[in-house]
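Take a look at the structure set out below.
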Amino acid sequence: MPQRPDADLREKDVTPEWVYRRRRLLGGALGLGALSLAACADGDPAGDEVALADPGEDPFRTRETLTRFEDATSYNNFYEFGTGKADPARHAHRLVTRPWSLAIEGEAERTGVFALEDILARTTQVERIYRLRCVEGWSMVIPWQGFELRELLALFRPTSRARYVAFTTLADPAQMPGLRFPVLDWPYVEGLRIDEAMHPLTLVATGMYGRTLPNQNGAPLRLVVPWKYGFKSIKSIVRIRFVEEQPATSWNRAQPDEYGFYSNVNPEVDHPRWSQKTERRLAGSGNRLLARRIPTLPFNGYATQVASLYAGMDLRRHF
Ligand SMILES: Nc1nc2c(c(=O)[nH]1)N[C@H]1C(S)=C(S)[C@@H](COP(=O)(O)O)O[C@H]1N2
Ligand SMILES: [Mo]
């Protein structure tokens, strides 16, 4: 193997579950107290406790109000288990996540099939609290545990011809009832430019809220690319391929005029069927249906970190 990065689990970086429980209790108490106030003020009782985006904050750990664990695990997009938001929580228990292996292919010095345990042993576990903005117009704030994708990619020594990275989700009809429906061209595929893939914000999540990643959130390993629309954060990855040409992506293939390869969160570029200027923030203890609508930020609030990756590009054309 190539030289190992620091493989020790850095315990201080992984917040135990009880911390989230306590935060949630606190959030709940605040929410109740402020409920009547907000109802008087603007008739938006659900949104009062939600701390809004602050672009000056630590990009790795936003201090915005967390989405409740229950909401982050019951309102999901994972079309392999059905297109309804509740379908993944209902059906994903059928997904067998251990043992799991990851195929590494293409333009790299080292390729092959690797056991998940070996990958975990060679990467540094970190915690990241990220906003995730779905292209449909809602967003969540989720504490993830995992490792930086760049750390994984470096293990395989990509060659100079590796200009993009292509990702593939498992497609097993025996475990994934949604594959019966031809809503997408299975398997689900996604891609990043190599510099996007190597950016320190780009995470491979293996856990959330201090627990093992729930199946409906993409166990045992999924991408989290916080400055892009949620569909770029591909779940339950079985293959990573280094490629020279821009790879096909599922949503672009399905509706090329609606979903581009880059899919950077951009309030200035509307989806052909709806505005992208605002989002419903699903956070705190409030009712999801009454969630507060907040302005969407360029690059989902991560412009300081990532805007330079796109210098000189026309982001209306490369949407
Ligand atoms: N394989 C796969 N990955 C996927 C999807 C999917 O349907 N299949 N949905 C995407 C979309 S649209 C979003 S918004 C996020 C949702 O992640 P979450 O359920 O963990 O919040 O997963 C993304 N990753
Ligand atoms: Mo999404």
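Just so you know, these numbers come straight off a predicted model, no measurement behind them. In each ligand, atom 1 is the first atom listed, and ligand 1 is the first ligand listed.
Within ligand 1, counting atoms from 1 as listed, the ones closer than 4.0 Å to a heavy atom of N76 are 18 (P), 19 (O). For ligand 1, the atoms closer than 4.0 angstrom to any heavy atom of N217 are 18 (P), 19 (O), 20 (O). Contact atoms of ligand 1 toward E80: 1 (N), 2 (C), 6 (C), 7 (O), 8 (N) (distance under 4.0 Å to a heavy atom of the residue). For ligand 1 and C134, the ligand atoms under 4.0 Å from any heavy atom of the residue are 14 (S).
Distance alone, capped at 3.5 Å, is enough to place a donor-acceptor pair between the K235 side chain and the Q216 backbone. Side-chain N or O atoms of H91 include none that pairs as donor or acceptor with a backbone N or O of G178 at under 3.5 Å. Between the side chain of N215 and the backbone N or O of A92 there is at least one donor-acceptor pair closer than 3.5 Å.
Of the heavy atoms in E136, none comes closer than 4.0 Å to ligand 1. With a 4.0 Å heavy-atom cut-off, ligand 1 is reached by the side chain of Y188 but not by its N, CA, C or O. With a 4.0 Å heavy-atom cut-off, ligand 1 is reached by the side chain of T169 but not by its N, CA, C or O.
The shortest N or O to N or O distance between S233 and ligand 1 is below 3.5 Å. Below 3.5 Å of separation, one finds an N or O of Y79 facing an N or O of ligand 1. Looking at ligand 1, you won't find any N or O of Q216 less than 3.5 Å from one of its N or O atoms.
Side-chain N/O atoms of E107 and T159 include a donor and acceptor closer than 3.5 Å.
Atom 18 (P) of ligand 1 has as its closest protein heavy atom K235 NZ, 3.5 Å. The shortest contact between atom 21 (O) of ligand 1 and any protein heavy atom is with L132 CD2, 3.9 Å. Protein heavy atom in closest approach to atom 10 (C) of ligand 1: F231 CA, 3.5 Å. Atom 9 (N) of ligand 1 has its closest protein heavy atom at N77 O, 3.1 Å. The protein heavy atom nearest to atom 17 (O) of ligand 1 is R222 NH2, 3.1 Å. Atom 15 (C) of ligand 1 has as its closest protein heavy atom G230 O, 3.6 Å.
Distance check: M140 CE to W138 CH2 gives 4.5 Å after rounding to the nearest 0.5 Å.
With salt bridges taken as basic N to acidic carboxylate O contacts below 4.0 Å, none links R61 and D58. The residues R193 and D195 are annotated as salt-bridged, a charged nitrogen and a carboxylate oxygen being separated by less than 4.0 angstrom. A salt bridge links K85 with E136; the closest basic N to acidic carboxylate O contact falls under 4.0 Å. Checked for salt-bridge contact, R122 and E151 miss the test: no charged N lies under 4.0 Å from a carboxylate O.
Not close to ligand 1: M208, with no non-hydrogen atom less than 4.0 angstrom away.
Within 6.0 Å of atom CZ in R239, 12 or fewer heavy atoms from other residues, nucleotides or ligands are found, so the atom counts as exposed in its surroundings. No more than 12 heavy-atom neighbours from other residues, nucleotides or ligands sit within 6.0 angstrom of CZ on R161.
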